[in-house]
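In what follows, a structure is listed as structure tokens, so that the remarks can point back to it.
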Amino acid sequence: MGVMTPRAATDGLLPTPAGCVLTADFFGRPSDEVGPELIGKILWLRGVGGGRLTEVEAYLPENDPACHAFRGLTRRNAAMFGAPGSIYVYRSYGIHMLLNLVCDQLSVGSAVLVRSFEPLGDTRMLSGNRGLPEGERGVELSRGPGRVGQALGLHLGMNGLGLGEASGLYIIDDGQSGAVGCTTRIGISVGDGLPLRYYTIGSAYVTGLGRIGRGERA
DNA sequence: TAAACGATTAGCT
DNA sequence: GCTAATCGTTTAT
């Protein structure tokens, strides 16, 4: 499934990781199916960097009031109803840029929220965007959805663009995988209780480790 | 036009 | 563990 990393998409100073680039056929399923399979895949923004996905959450338009698409299409969430494998970026709390990957078929309104990743390769661009010491690669760099957006330098101009050439953002499968855990989602006031958060078991690049430790919704 | 509300994080206690 | 800061989007007048 998918195609190999396009050579044209590599940057001399910051090579895009080798592997199979996931495309619309991978994302064209409900987000609770795509979510767990994304764990361990590589999120990479051309020329900036990225890492291995360690935490994502699925949002479904039906029976899920926490999903932005639950109340139908608005100007803000329009990108969420776009083609599978496109990007939905929105501003949270007036500050943070949160990254979602659109799943399922056109106009369904299902997406996966990227919450954390473990950095790979050169982190100079990422740490610079975060305002951290050059080369920083600790959890402070990319644990938490707001930090992910800031590290990658996301902006609303990327909203609605497709993964790949259009946006420079790629999801790459390099064949490696780890154990995937599942718990309830984080930071929402409605629709919690649904086990739609997926994470890499044992990784420090996961938020809310406390509640996982207590065995909540394991 | 006004009010309320967050898919959060940093900073305290 | 708890709370404040922060401001665009949505929803209600």
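Quantities reported herein were computed from a predicted structural model and do not represent experimental measurements. Throughout, protein chains are lettered first and strands after them, A, B, ... in sequence-line order, and every chain is numbered starting at 1.
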Report task. Would you kindly check whether a donor in the side chain of A:His96 faces an acceptor in the base of B:dA7, or vice versa, at under 3.5 angstrom? Result ->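 There is none.
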Report task. May I ask whether A:Leu169 and A:Phe26 are part of the same hydrophobic cluster, defined by side-chain heavy atoms of I, L, V, M, F, W, Y residues being less than 4.5 angstrom apart, directly or through others? Result ->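 Linked within one cluster.
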Query raised in the report: What is the nucleic acid contact for A:Met97, judged by heavy atoms within less than 4.0 Å: base, sugar-phosphate only, or nothing?
Result: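 The residue A:Met97 makes no contact with any strand.
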At a cut-off of 3.5 Å, list every protein nitrogen or oxygen paired with a nitrogen or oxygen from nucleotides 1-5 of chain B, distance to 0.1 Å.
none

Query - Base versus backbone protein contacts along nucleotides 8-13 of chain C [heavy-atom cut-off under 4.0 Å; B, S, -] - result: SSSS--
Indicate whether the side chain of [X] and that of [Y] have a donor and an acceptor atom separated by less than 3.5 Å.
X        : Y        : value
A:Glu118 : A:Ser142 : no
A:Ser31  : A:Ser110 : yes
A:Arg197 : A:Thr184 : no

Query raised in the report: Salt bridge or not for A:Arg147 and A:Glu140, using N-O below 4.0 Å?
Result: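 No, no charged N to carboxylate O under 4.0 Å.
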**Report entry** Ion pair check, A:Arg130 and A:Glu136, cut-off under 4.0 Å
**Finding:**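 Looking at A:Glu136 together with A:Arg130, the answer is no, because their closest N to O distance does not fall below 4.0 Å.
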Can you measure [X] atom [atom1] to [N] atom [atom2] for me and round it to whole angstrom units?
X        : N     : atom1 : atom2 : result
A:Leu60  : B:dA7 : CG    : P     : 15 Å
A:Leu98  : C:dC7 : CG    : C1'   : 15 Å
A:Leu99  : B:dA7 : CG    : P     : 16 Å
A:Ile186 : B:dT8 : CD1   : P     : 8 Å
A:Leu113 : B:dG6 : CG    : C1'   : 13 Å
A:Asp32  : B:dA7 : CG    : C1'   : 16 Å
A:Leu209 : C:dG1 : CG    : P     : 12 Å
A:Ile87  : B:dA7 : CD1   : C1'   : 17 Å

Query - Centroid separation A:Tyr59 to A:His68 less than 6.0 Å - result: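 Centroid separation for A:Tyr59 and A:His68: 6.0 Å or greater.
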**Report entry** Short side-chain N/O contact to B:dA7 OP1/OP2 from A:Arg197, under 4.0 Å
**Finding:**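 No.
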Query raised in the report: For A:Arg185, which of A:Asp64, A:Asp192, A:Asp32 qualifies under salt bridge (charged side-chain N to carboxylate O under 4.0 Å, His left out)?
Result: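 Filter result, single survivor: A:Asp64.
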Requested in this report: Apply salt bridge (Lys or Arg N to Asp or Glu O under 4.0 Å) to the pair A:Asp174 and A:Arg52, showing each step before the final yes or no.
Outcome: CA-CA 10 Å; A:Asp174 69 345; A:Arg52 208 173 286 285; 2.9 Å; yes
Can you tell me how far [atom2] of [Y] sits from [atom1] of [X], rounded to the nearest 0.5 angstrom?
X        : Y        : atom1 : atom2 : result
A:Leu113 : A:Ile188 : CG    : CD1   : 10.0 Å
A:Ile172 : A:Leu163 : CD1   : CG    : 10.5 Å
A:Leu14  : A:Trp44  : CG    : CH2   : 4.5 Å

Query - DNA chain B stem ranges, 3 or more consecutive Watson-Crick or G-U pairs under 3.5 angstrom - result: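 Looking at DNA chain B, the stems formed by three or more consecutive pairs are B:1-6 with C:7-12, B:8-12 with C:1-5.
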Requested in this report: For the side chain of A:Arg147, starting at C-beta, report the closest nucleotide among B:dA10, B:dA7, B:dT8.
Outcome: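 Of B:dA10, B:dA7, B:dT8, B:dA10 is nearest to the side chain of A:Arg147.
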